[in-house]
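Data block below; observations after.
Just so you know, residue 1 is the first one in the sequence shown, and it goes up from there. First listed ligand is number 1; within each ligand, the first listed atom is number 1. Computed over heavy atoms, backbone and side chain alike; hydrogens, waters and symmetry mates excluded.
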Amino acid sequence: MASKSEKIFRGSGVSPGVILGRALKFDSHNRFILRMHVNDVDEEIRRYLRAIEAAKEQLKTLKSKLEMKLGREHGIILDAHLLILEDKSLNAEILESIRKNNANADWAVMQATDRLVHAYQSLDDEYFRERHSDFEHVAERILLNLSGKRPFNWEHLPDNQIIASRDFNPSNFATMDLQRVRGLVLESGGRTSHTAIISRGLGLPAVMGVGDFLGGIVTGDQLLLNGDEGQVIVNPTKERIDGLSGRLEAFGAKKRTPSPAQSSSATRTQDGTAISLRANTEMLHELSAAKNCGAAGIGLFRSEFLYFGHPQGYPEMEEQLAVYRRLAREMSPYPVAIRTLDAGSEKVGGSQDLTKQENPSMGLRGIRLSLYARDAFLIQIEAIFRASCDGRIEIVLPMISTIEEIWQAKILIDQVRSKVRESVGPAIQAVPLGAMIEVPAAVFSLEVLAKEVDFLCVGTNDLIQYMLAVDRGNPQVAYLFQPLHPTVLHCLNHIAKVAKGLNKPVRICGEISSNPFYAVLLLGMGFTQLSMNPLSIPTIRRVLREIPIDVSRQIAHKALTFITAQEVYEYLTTVVAKLVPWDLSSYAKEIAPQNGRNGK
Ligand code: PEP
Ligand code: MG
């Protein structure tokens, strides 16, 4: 009998490792939900509420299983799902939709979910775009409960399975037999999805975003999954397998970083230098993750998420106040840095339609928009000052490129401060002001700008984009987005030096903070304050604790002598890997320079 022919699929390698296994096609949600007319609306509402209650119970159980199995920081991911279930406005929207339309709960759930998924999918930032899957996963659970079906039973799986699915709910990791499942291939998803994050944490090779994969395979097909290169080969030839045998064995023998345990103790390097690790957050439900991961405050609250998908277009003062208050109270005694709106004009209900800007990342956004749509800015600042009575709050101004922007913002901020002081009296607290340093112009006028503010936040995501003229959301030029580009390194080193000379606190807030190799480099340059996605904090803490400050300085010094990103990469990954006892290879991949478009 002729052997089945080999087929090659490509996607993004979101968790490294090369493995051979058998495809297990997993149909997580092949949804087809019809709208039906229900006569007894009250009973339909009860049915919905029962499904929600059941979902909460299930998630709580899954969460404790996941924590026991993988460590506390992974259970936190399900907190996000629980918070979505408990979201008052989402529930109200669904109940209203059932009532108003005499509709079945399943349809109402899908309507609300589709709206949110759509809103999230249209965001520029990959990390936030990926959050759409949290809503889908919660809806999937509610729909399962409404249907009365039982969840997939993971028991008695054969060995060596590679899950092949459109999407994968991270709660499945709680019940899945990790001895038998060896990898994951998904048609959807990207490296910042929760499923990708957990896969990396588990050392489970995964390739995501593999278009039209499921139609090309059947359960039982042999798969050669290459998480290093983002490739999946269906029915690989013997020569192909032999060619990769070294990497197959090497992967089998390696152990990834053990799940770092939760810790609230202060972070210090081996020789006692204090390091502050804060969390970047966008929504309230991430607060528990920040606290559980031991964040020393919120380093960046991306307030634009209060505006995205808001029915009115923008949140009123009271609504913002409630959020900022909770942030301040829950993080107390640690500080919370609220970044003022950093989004396009569509978020503030401006009369002019400025949403169709030719080049939005260089357009009317950030502080430019706040100074243009002043009323919205004044409302936001008022909410921030009012919330200052409840904890330690800081303001950060995004996209600063001129000193005048800071001056103008300060005049408005002072006006609001006086107004709020009149109404709340002495309870109002000092609110330190910071500037995002994320535009090259701000780097080269740093001395002047820094003197106008209390602290600096370096937004490396944008800084790299503008320094290297690479649109951070454009996959066509993703290979040029090189965090290790020597120019980026020199730029960061310059910021560290100027800030030190002025004795100005400075915090790195971009994605690079969450990469352990990069974190060592930043430490060596003199950055002792980092802010990152909450789940990365335990790993960064663990790694930095291993590094003597002098050694990090030597590493940074040497890294600054190279003239290509590739040289920096090779040096940095080799030297840091020798200093820590865990396998950090998957993190190396995050910062590896990629081949150019011509494939050289
Ligand atoms: C940045 O630019 O690095 C940053 C932290 O902000 P954002 O990713 O929201 O632009
Ligand atoms: Mg930015």
Side-chain angles (χ1 to χ4, degrees), residues 120 122-131 190-192 276-283 286 290 295 297-308 336-344 347 359-370 380 394-401 405 434-443 446 449 455-474 478 481-485 488-489 491-492 495-496 505-515 518-519 521-522 527 529-534 536-537 540 590-591:
Y120 274 80
S122 61
L123 299 176
D124 283 343
D125 187 289
E126 187 201 343
Y127 178 80
F128 304 125
R129 234 182 5 252
E130 279 301 330
R131 301 283 71 78
R191 66 171 302 110
T192 52
S276 148
L277 302 182
R278 293 208 211 172
N280 291 345
T281 54
E282 298 72 42
M283 282 168 279
E286 290 165 298
I298 303 296
L300 183 72
F301 179 72
R302 291 178 161 105
S303 68
E304 52 275 16
F305 280 77
L306 296 173
Y307 295 67
F308 294 148
V336 173
I338 298 175
R339 181 176 68 186
T340 58
L341 176 69
D342 186 13
K347 302 294 177 292
N359 197 347
S361 56
M362 295 201 192
L364 190 61
R365 57 167 284 203
I367 189 67
R368 304 168 185 183
L369 179 62
S370 289
Q380 179 163 38
E394 302 166 348
I395 296 176
V396 190
L397 303 173
M399 279 287 288
I400 293 292
S401 59
E405 286 166 340
M436 291 294 293
I437 304 300
E438 49 189 350
V439 175
V443 176
L446 198 59
L449 299 181
F455 63 95
L456 304 166
C457 269
V458 187
T460 49
N461 303 336
D462 277 320
L463 188 56
I464 296 172
Q465 138 164 292
Y466 297 126
M467 287 294 297
L468 303 182
V470 179
D471 181 341
R472 65 195 249 195
N474 182 347
F481 193 93
Q482 296 181 346
L484 292 178
H485 191 299
V488 174
L489 265 48
C491 178
L492 293 173
I495 296 173
V506 59
R507 180 163 66 241
I508 301 280
C509 289
E511 277 302 294
I512 56 167
S513 296
S514 61
N515 182 282
Y518 219 112
L521 194 56
L522 292 169
F527 293 103
Q529 298 186 29
L530 306 178
S531 191
M532 64 200 74
N533 70 68
S536 300
I537 292 176
I540 297 297
E590 286 173 7
I591 51 168

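- R339 NH1, 2.9 Å is the protein heavy atom nearest to atom 6 (O) of ligand 1.
- Between D462 and ligand 1, at least one pair of N/O atoms sits closer than 3.5 Å.
- Ligand 1 places these atoms under 4.0 Å from at least one heavy atom of G510: 3 (O).
- E282 pairs by the side chain to side chain donor-acceptor pair (under 3.5 Å) definition with R302, not counting sequence neighbours.
- F301 is not listed as a side-chain neighbour of V396, based on a closest heavy-atom distance of 4.5 Å or more.
- Polar contact check, R302 against ligand 1: a nitrogen or oxygen pair lies under 3.5 Å apart.
- In terms of heavy-atom proximity, M467 sits nearest to C491 at SD-SG, 4.0 Å.
- Those atoms of ligand 1 with a heavy atom of C509 less than 4.0 angstrom away are 5 (C).
- Protein N/O/S atoms closer than 2.8 Å to the Mg ion (ligand 2): E438 OE1, D462 OD2.
- Evaluated for a side-chain contact (heavy atoms from CB on, under 4.5 Å) with I512, the options V458, L463, V488, L522 yield exactly one hit, L522.
- Every side chain to side chain donor-acceptor pair (under 3.5 Å) that S531 has, sequence neighbours left out, goes to N280.
- Per-residue contacts place R472 under 4.0 angstrom from the following atoms of ligand 1 (heavy atoms of the residue considered): 2 (O), 7 (P), 8 (O), 10 (O).
- In this view, Q465 and D462 satisfy the side chain to side chain donor-acceptor pair (under 3.5 Å) rule, not counting sequence neighbours.
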